[in-house]
**Student:** 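Before I ask anything, let me first share the structure, which is written out below as structure tokens.
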Amino acid sequence: MKIVLRNRKHCYVADPCSIKVSAKKVGSLLGKNGLNLLVNNAAVLASGTLLNIPVEDMQTTFNTNMTGPLVVIREYLPYLQTAAKASGTPGISCDKSAVINISSTGGSISSILSMYAQFPVLPYSASKAGLNMLTALIAVELKPDEILCMALHPGWVRTDMGGEDELNLEVRESVEGMLRVIRSLTENKHGGFMDYTGKTLPW
Ligand SMILES: NC(=O)c1ccc[n+]([C@@H]2O[C@H](COP(=O)([O-])OP(=O)(O)OC[C@H]3O[C@@H](n4cnc5c(N)ncnc54)[C@H](OP(=O)(O)O)[C@@H]3O)[C@@H](O)[C@H]2O)c1
């Protein structure tokens, strides 16, 4: 069964109570096999730099892009654990139980520095760097449960956030690429950072 919480009306990830309510609802729909794939996709893009970013934008961005995924993973963890146990196969793989955090090269410290003048999106980049760190640390915590956890960059995509640049990917191309990557994930990608083509990215 696929359950899509499509937007903030279904689960407002900047609000831990909303996440709790959604987890309860989803839990009541899931069968005894639990939840085998959780994708944290929701995010906001606020731009600004040291001298002009309003503190509120910084807080909203962190609440949505970093704390949100953390609370989502915590609230949905029992269902992911159920799926990992129910699978009956040893090791870590995406067929069994997995958390995919949709991140961005904008959160890669080694990639963003050369792009920062062109893309001055300090709150977004800092929050996605935080999400990357969270992914690596949560991967350590989830290893004993044999739940795969990794960060995935969708590419630059024609969406509300990505804009209409004709060099950007169509949504379909990005999503098909990400699904191919997700299906191919094995234990050696646990705790890693990749893009929609399957390339490993630097943190
Ligand atoms: N597009 C790109 O080029 C690009 C590049 C790198 C990474 N990414 C990442 O890819 C993911 C998807 O981005 P996108 O391009 O599809 O962005 P988008 O077009 O702006 O869509 C963002 C989605 O997140 C939801 N959302 C925002 N705040 C939320 C909240 N507090 N609670 C629940 N849902 C919330 C929005 O819901 P509403 O419809 O209700 O607003 C919307 O469905 C994000 O994690 C983004 O950082 C995108």
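In each ligand, atom 1 is the first atom listed, and ligand 1 is the first ligand listed. Model, not experiment: these values are computed from the prediction.
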**Student:** Give the residue and atom name of whichever protein heavy atom lies nearest to atom 12 (C) of ligand 1, and the separation in Å to one decimal.
**Tutor:**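 Scanning the protein heavy atoms, the shortest distance from atom 12 (C) of ligand 1 goes to Asn41 OD1, 3.2 Å.
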**Student:** Taking only non-hydrogen atoms of Ser103, do any sit less than 4.0 angstrom from ligand 1?
**Tutor:**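 So Ser103 counts as touching ligand 1.
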**Student:** Please state which option from Gly162, Ser127, Gly155 has its nearest heavy atom closest to atom 4 (C) of ligand 1.
**Tutor:**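 Among Gly162, Ser127, Gly155, the closest heavy atom to atom 4 (C) of ligand 1 comes from Gly155.
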**Student:** Salt bridge check, Glu170 against Arg158: does any charged N sit closer than 4.0 Å to a carboxylate O?
**Tutor:**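 Here Arg158 pairs with Glu170 in a salt bridge, since their nearest N and O are under 4.0 Å apart.
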**Student:** Between Lys128 and ligand 1, which residue portion shows a heavy-atom distance shorter than 4.0 Å: side chain, backbone, both, or neither?
**Tutor:**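 Just the side chain.
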**Student:** At under 4.0 Å between heavy atoms, is it the side chain or the backbone of Val44 that contacts ligand 1, or both, or neither?
**Tutor:**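 Answer for Val44: side chain.
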**Student:** Does any non-hydrogen side-chain atom of Gln81 lie less than 4.5 Å from one of Leu77?
**Tutor:**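 Yes, side chains in contact.
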**Student:** Is there any N or O on Ser104 that sits under 3.5 Å from an N or O of ligand 1?
**Tutor:**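 Such a contact does not occur with ligand 1.
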**Student:** Does any N or O in the side chain of Asn65 come within less than 3.5 Å of the main-chain N or O of Val44, such that one atom is a donor and the other an acceptor?
**Tutor:**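 Yes.
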**Student:** Who gets closest to atom 16 (O) of ligand 1 by heavy atom: Thr159, Asn101, Asp195?
**Tutor:**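 Among Thr159, Asn101, Asp195, the closest heavy atom to atom 16 (O) of ligand 1 belongs to Thr159.
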**Student:** Within the distance-only criterion (no hydrogens, no angle test), does the side chain of Asp57 pair as donor or acceptor with the backbone N or O of Pro123 below 3.5 angstrom?
**Tutor:**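 Here the side-chain-to-backbone pair does not exist.
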**Student:** May I ask you to check whether over 12 heavy atoms, not counting those of Ile109, lie within 6.0 Å of atom CD1?
**Tutor:**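 Not more than 12 within 6.0 Å, no.
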**Student:** Which residue from Pro69, Ala42, Pro154 reaches closest to atom 34 (N) of ligand 1 through any of its heavy atoms?
**Tutor:**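 Going through Pro69, Ala42, Pro154 one by one, Ala42 has the nearest heavy atom to atom 34 (N) of ligand 1.
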**Student:** Out of Val157, Leu131, Asp165, whose heavy atom is nearest to atom 3 (O) of ligand 1?
**Tutor:**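 Among Val157, Leu131, Asp165, the closest heavy atom to atom 3 (O) of ligand 1 comes from Val157.
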